[in-house]
Amino acid sequence: MLRQALGLSLVLWVLTGLVYPVVTTIVAQALFPHQANGSLIVGADGTVRGSYRIAQPYTGDGWFHPRPPAGDAYDPLRTGGTNLAVARPDYQAKVLRRMDVVRKEADDPALSVPADLVTASGSGLDPELSLPAARAQVPRISRATGIPASELRALIDRVALPRELGLFGEPRVNVNLLNEALRELLVGR
């Protein structure tokens with residue numbers, strides 16, 4: 001009986017520890033090489049700037065900012081939500097501070113701030129924003145870069161992603177893709 005158990009363990013180890021990973025790696029590399037290699041953002045000079053799938057810490061007034069991270073920074077090793085209840089006073093104070101910052105940056109004290117600009121996603125590293133959240137950042141970016149607001153709004157519309165299968169979710173924008181398009185626009189000026 002011990003011999004059978006050891007034999008079965010060895011067979012399962014070979015199947016699940018060697019065969020399955022090798023087969024899935026080969027299939028992924030053949031069918032989806034860009035995604036299998038991390039969906040990397042590679043600049044014109046060949047440097048890797050990050051991944052399209054993980055929010056990048058764009059700072060400065062001239063860039064679109066992603067959702068706030070759940071932790072202290074955009075660290076892919078520390079993903080996950082904060083587990084703070086929305087009724088907690090410290091959480092509410094943090095969101096109100098973030099709302100004040102967004103309104104100040106937009107130079108509009110009455111701005112209706114989209115929730116995804118002031119709250120973290122479940123993973124804490126979501127690179128996507130709603131279209132209203134991206135558009136709320138246009139005044140700040142326009143002032144910082146000198147690009148007309150109408151041109152920035154057109155850029156958002158050009159990079160916008162539709163609903164999944166035309167039915168599910170809302171139109172959105174990947175901030176990493178949007179900032180890469182903005183970078184190209186700035187280089188062309």
Side-chain angles (χ1 to χ4, degrees), residues 1-59 63-86 88 91 94 114-134 137 155-185 187:
M1 191 148 188
L2 181 62
R3 185 174 171 184
Q4 288 176 336
L6 289 175
L8 182 60
S9 294
L10 181 63
V11 168
L12 288 174
W13 177 79
V14 168
L15 286 175
T16 61
L18 296 175
V19 174
Y20 178 76
V22 168
V23 169
T24 56
T25 300
I26 291 170
V27 170
Q29 289 293 332
L31 298 178
F32 310 103
H34 178 70
Q35 294 88 339
N37 291 317
S39 302
L40 300 177
I41 302 168
V42 180
D45 60 355
T47 59
V48 175
R49 293 195 182 103
S51 171
Y52 290 111
R53 302 290 175 210
I54 299 174
Q56 305 299 313
Y58 290 97
T59 57
W63 300 105
F64 288 94
H65 298 163
R67 293 182 77 149
D72 296 332
Y74 296 95
D75 182 0
L77 299 177
R78 298 181 63 199
T79 63
T82 62
N83 291 331
L84 295 176
V86 295
R88 285 181 54 140
Y91 179 79
K94 182 185 278 189
D116 49 339
L117 274 182
V118 294
T119 58
S121 66
S123 70
L125 298 171
D126 187 3
E128 295 181 348
L129 283 178
S130 65
L131 295 180
Q137 299 181 60
L155 182 69
I156 292 169
D157 292 339
R158 184 168 50 92
V159 178
L161 303 167
R163 295 171 183 253
E164 293 295 326
L165 303 176
L167 298 170
F168 304 108
E170 293 297 321
R172 66 221 180 275
V173 65
N174 182 303
V175 177
N176 299 329
L177 290 173
L178 184 57
N179 279 326
E180 287 303 306
L182 178 59
R183 186 183 313 273
E184 290 173 17
L185 187 64
V187 168

All side-chain hydrogen bond (donor to acceptor under 3.5 Å, both in side chains) counterparts of Thr119, not counting sequence neighbours: Arg67
Could you tell me which residues satisfy side-chain hydrogen bond (donor to acceptor under 3.5 Å, both in side chains) with Asn179, sequence neighbours excluded, listed by chain and number? none
Between [Y] and [X], is there a side-chain heavy-atom distance shorter than 4.5 Å?
X      : Y     : result
Gln137 : Trp63 : no
Ser51  : Ser39 : yes
Leu129 : Phe64 : no

Donor-acceptor pairs under 3.5 Å, side chain of residues 167-174 to any protein atom, not counting sequence neighbours: which ones?
| residue | atom | partner | partner atom | Å |
| --- | --- | --- | --- | --- |
| Arg172 | NE | Glu128 | OE1 | 2.9 |
| Arg172 | NH1 | Pro162 | O | 2.5 |
| Arg172 | NH2 | Glu164 | OE2 | 2.3 |
| Asn174 | OD1 | Asn176 | N | 2.8 |
| Asn174 | OD1 | Leu177 | N | 3.1 |
| Asn174 | ND2 | Tyr52 | O | 3.0 |

Any residue meeting side-chain contact (heavy atoms from CB on, under 4.5 Å) with [X], in chain and number order, not counting sequence neighbours:
X     : value
Arg3  : none
Val86 : Tyr91
Ala36 : Ala28, Gln29

Cut-off 3.5 Å, no hydrogens considered: what does the side-chain donor-acceptor table look like for residues 7-21, sequence neighbours left out?
| residue | atom | partner | partner atom | Å |
| --- | --- | --- | --- | --- |
| Ser9 | OG | Ala5 | O | 2.9 |
| Thr16 | OG1 | Leu12 | O | 2.7 |

Can you tell me how far the CG atom of Leu178 sits from the CZ atom of Arg158, to the nearest 0.5 Å? 9.0 Å
Using 0.5 Å steps for rounding, measure from the CD1 atom of Ile41 to the OG1 atom of Thr47. 10.5 Å
Grab the two heavy atoms, one from Val159 and one from Ala181, that are nearest each other, plus how far apart they are. CG2-CB, 3.9 Å
Summary of salt bridge (charged side-chain N to carboxylate O under 4.0 Å, His left out) pairs that have at least one residue in residues 44-56, sequence neighbours excluded: Arg49-Glu180
